[in-house]
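Contents: one structure, followed by commentary.
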2 protein chains.
Amino acid sequence: MAAAIAIADAEGLGAVSIRRVATELGARAMTLYSYIERKEDLLDLMADEVAAEVLVDEPLPEDWRAAILTIARREREVVRRHPWRVDLVAQRVSVGPNGLRHVEQSLAALDGLEVDQLTKWRILATVDDYSLGYIIRESLERAAPRTMGVNDAERAAIAEPYMRELVASGAFPRLAPLIEGGVAGADDTYERGLNWLLDGIEGDLPGR
Amino acid sequence: MAAAIAIADAEGLGAVSIRRVATELGARAMTLYSYIERKEDLLDLMADEVAAEVLVDEPLPEDWRAAILTIARREREVVRRHPWRVDLVAQRVSVGPNGLRHVEQSLAALDGLEVDQLTKWRILATVDDYSLGYIIRESLERAAPRTMGVNDAERAAIAEPYMRELVASGAFPRLAPLIEGGVAGADDTYERGLNWLLDGIEGDLPGR
DNA sequence: AAGCGAGCCGATACACCGTACGAATAATGT
DNA sequence: ACATTATTCGTACGGTGTATCGGCTCGCTT
């Protein structure tokens with residue numbers, strides 16, 4: 001598992017093959033099948049292993065918003081360390097021990113709220129969904145330049161005339177200025193989105 | 001492309017291989033490489049093709065919230081028709097013509113808002129992120145029973161003692177009741193999350 | 001009408017994948 | 001010391017994406 005994680009960290013999830021992991025361990029491919037039944041099992045184990053890194057060391061902030069923010073930020077950091085995590089969470093339900101501990105911790109963050117359990121679960125699901133979506137997009141944008149050949153120049157050479165044509169076509173009057181000006185902007189989009197969401201949730205709480 | 005989409009609709013994205021698509025077309029594998037350079041290209045084409053289905057037939061509602069909701073609901077419907085879409089959008093940036101048309105249309109939905117373009121883009125990104133996250137999770141839950149062997153019974157037989165142990169361990173006091181009671185709940189979680197988010201955004205608009 | 005070049009089709013081949021099978025070996029319990 | 005079990009491993013099968021190259025079929029130019 002550690003070997004597989006090391007490979008994935010260094011070369012991406014695609015480099016994790018049974019033969020490769022075995023080699024890294026000084027063994028032959030089929031040896032691994034004494035410990036796992038299918039490759040999927042290895043991936044599940046990897047996923048749950050890094051899920052442990054998502055757990056926040058107690059104690060959580062008292063304020064539920066601060067607590068949720070802490071957890072959400074942590075998730076983003078973990079994906080930054082292990083970019084392949086997004087591929088896993090986007091393709092398999094994560095119900096390993098550490099994954100469940102994460103849910104439990106998130107529920108604990110809402111202890112102070114006076115709403116029923118189902119509502120709490122919905123709040124968490126919604127925040128998690130947003131986080132997942134944002135992190136996937138961020139991860140994609142971060143990975144794109146690296147994936148497309150060694151040199152960014154080549155990719156830019158292809159992309160530029162394409163975008164130039166788009167702008168020139170006039171079919172995208174609203175999008176064009178954003179492309180020309182660059183959409184980079186500040187990096188607080190994640191925080192802003194989280195706060196919008198938490199604002200909306202807070203406004204819907206009983207007693208307000 | 002149509003052949004590949006048909007295969008993916010019927011048997012999932014994993015069934016889409018060069019040889020398989022070629023066979024479906026009454027051709028040999030390498031024939032496809034006259035039209036594409038890599039398999040990735042085919043996947044990009046597929047992605048952008050179904051991206052067209054996300055486009056809403058004009059006119060959009062005047063109210064920006066209603067317009068955004070319409071678009072977001074459409075996205076969910078498309079994924080329901082083509083579940084493999086989530087695998088694609090989660091793994092590649094979608095900048096095909098139809099993908100860009102979708103962005104343009106979303107920007108158009110915000111025409112009435114008196115905020116700068118960058119803010120509009122952030123609003124869209126945030127809503128899209130949430131949608132993507134939710135739809136991935138939904139799609140995962142929907143696919144899980146089908147993926148795990150033919151019979152749900154077998155999976156349940158494995159899952160039950162696992163969950164029983166979790167509940168019995170006492171390590172998950174907040175999660176346990178949710179597992180026992182079932183987290184099913186109503187199906188309006190998506191709408192609720194969207195509205196929370198839109199509430200938060202609306203509250204942050206200037207002039208309020 | 002002849003000729004030619006470009007695009008399309010196809011067979012074959014290579015390296016890699018996950019893993020089923022069965023034999024050989026190592027570790028363990030009796 | 002022996003029997004049993006667990007672990008390792010070689011080999012093989014059917015799959016994948018795609019590089020290479022040899023014909024073929026057109027439409028265009030001359």
Side-chain angles (χ1 to χ4, degrees), chain A residues 1-49 83-84 87-88 90-93 96 143-144 146-151 154-155 158, chain B residues 1-49 83-84 86-88 90-94 96 143-144 146-151 154-155 158:
Chain A
M1 209 174 70
I5 290 178
I7 295 172
D9 282 344
E11 305 173 44
L13 199 60
V16 177
S17 77
I18 296 290
R19 283 173 174 83
R20 175 68 195 281
V21 174
T23 302
E24 216 77 24
L25 259 38
R28 245 45 68 189
M30 292 311 291
T31 300
L32 301 199
Y33 283 86
S34 298
Y35 307 90
I36 57 173
E37 235 168 13
R38 275 185 246 89
K39 190 193 178 183
E40 275 199 352
D41 299 344
L42 176 59
L43 297 180
D44 284 337
L45 288 171
M46 292 170 67
D48 203 60
E49 181 70 10
W84 44 273
D87 298 304
L88 292 185
Q91 260 158 18
R92 63 216 321 106
V93 278
R146 259 182 293 123
T147 314
M148 324 275 202
V150 188
N151 47 348
E154 185 184 342
R155 197 63 194 179
I158 300 176
Chain B
M1 208 174 69
I5 290 178
I7 295 172
D9 282 343
E11 305 171 44
L13 199 61
V16 177
S17 79
I18 296 289
R19 283 172 175 84
R20 175 68 195 282
V21 174
T23 302
E24 215 76 24
L25 259 39
R28 246 44 66 188
M30 291 314 291
T31 300
L32 300 201
Y33 283 86
S34 298
Y35 307 90
I36 58 173
E37 233 168 16
R38 275 187 243 88
K39 189 192 179 184
E40 275 200 352
D41 299 345
L42 177 59
L43 297 180
D44 284 338
L45 289 170
M46 292 170 68
D48 202 61
E49 180 71 10
W84 45 272
V86 297
D87 298 305
L88 292 185
Q91 259 158 16
R92 63 214 324 105
V93 278
S94 42
R146 259 183 292 122
T147 314
M148 323 276 202
V150 188
N151 47 349
E154 185 184 342
R155 196 64 194 180
I158 300 176

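All chains are named by letter (A, B, ...) in the order of the sequence lines, taking the proteins before the strands, and each is independently numbered beginning at 1. We use all heavy atoms of the structure for the numbers below, so side chains are in, but hydrogens, waters and symmetry mates are not.
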Separation of atom CD in E40(A) from atom C1' in dT19(C), rounded to whole Å:
13 Å
If I take atom CE from residue M1(A) and atom CD1 from residue I36(A), how far apart are they, to the nearest 0.5 angstrom?
11.5 Å
What nucleic acid atoms does R38(B) come within less than 4.0 Å of, heavy atoms only: base, sugar-phosphate, or nothing?
sugar-phosphate
Considering heavy-atom distances to DNA chain D, does G26(A) or A15(B) have its closest nucleotide positioned more toward the 5' end?
G26(A)
Atom CE in M46(B), atom CG in L13(B): separation rounded to 0.5 Å?
5.5 Å
Would R92(B) and L88(B) count as a side-chain contact (heavy atoms from CB on, under 4.5 Å) if you check the C-alpha gap in whole Å, the side-chain angles of each, and the deciding distance to 0.1 Å?
CA-CA 6 Å; R92(B) 63 214 324 105; L88(B) 292 185; 4.2 Å; yes
For a quick test of reading the model: is some side-chain N or O of R28(B) closer than 4.0 Å to OP1 or OP2 of dA11(C)?
yes
Ignoring the backbone of M30(B), work out which of dC21(C), dT12(C), dC9(C) is nearest its side chain.
dT12(C)
To the nearest 0.5 Å, tell me how far R38(B) CZ sits from L43(B) CG.
11.5 Å
Taking 5' to 3' order, which nucleotide of DNA chain D is first and which is last to have an atom within less than 4.0 Å of a heavy atom in chain A?
dT7(D) to dA12(D)
S17(A) near the nucleic acid: base, sugar-phosphate alone, or nothing, with a heavy-atom cut-off under 4.0 Å?
sugar-phosphate
Which distance, rounded to the nearest 0.5 Å, do you find between the CD of E49(B) and the CG of L42(B)?
11.5 Å
Please evaluate residues R28(A) and T31(A) with respect to the criterion side-chain contact (heavy atoms from CB on, under 4.5 Å), reporting the C-alpha separation (whole Å), side-chain torsions for both, the decisive distance (0.1 Å), and the verdict.
CA-CA 6 Å; R28(A) 245 45 68 189; T31(A) 300; 4.2 Å; yes
Rounded to the Å, how far apart are L42(A) CG and dT19(C) C1'?
14 Å
Give the rounded distance in Å between these two atoms: OH of Y33(B) and P of dC9(C).
15 Å
Output the rounded distance in Å from CG (L25(B)) to P (dC9(C)).
9 Å
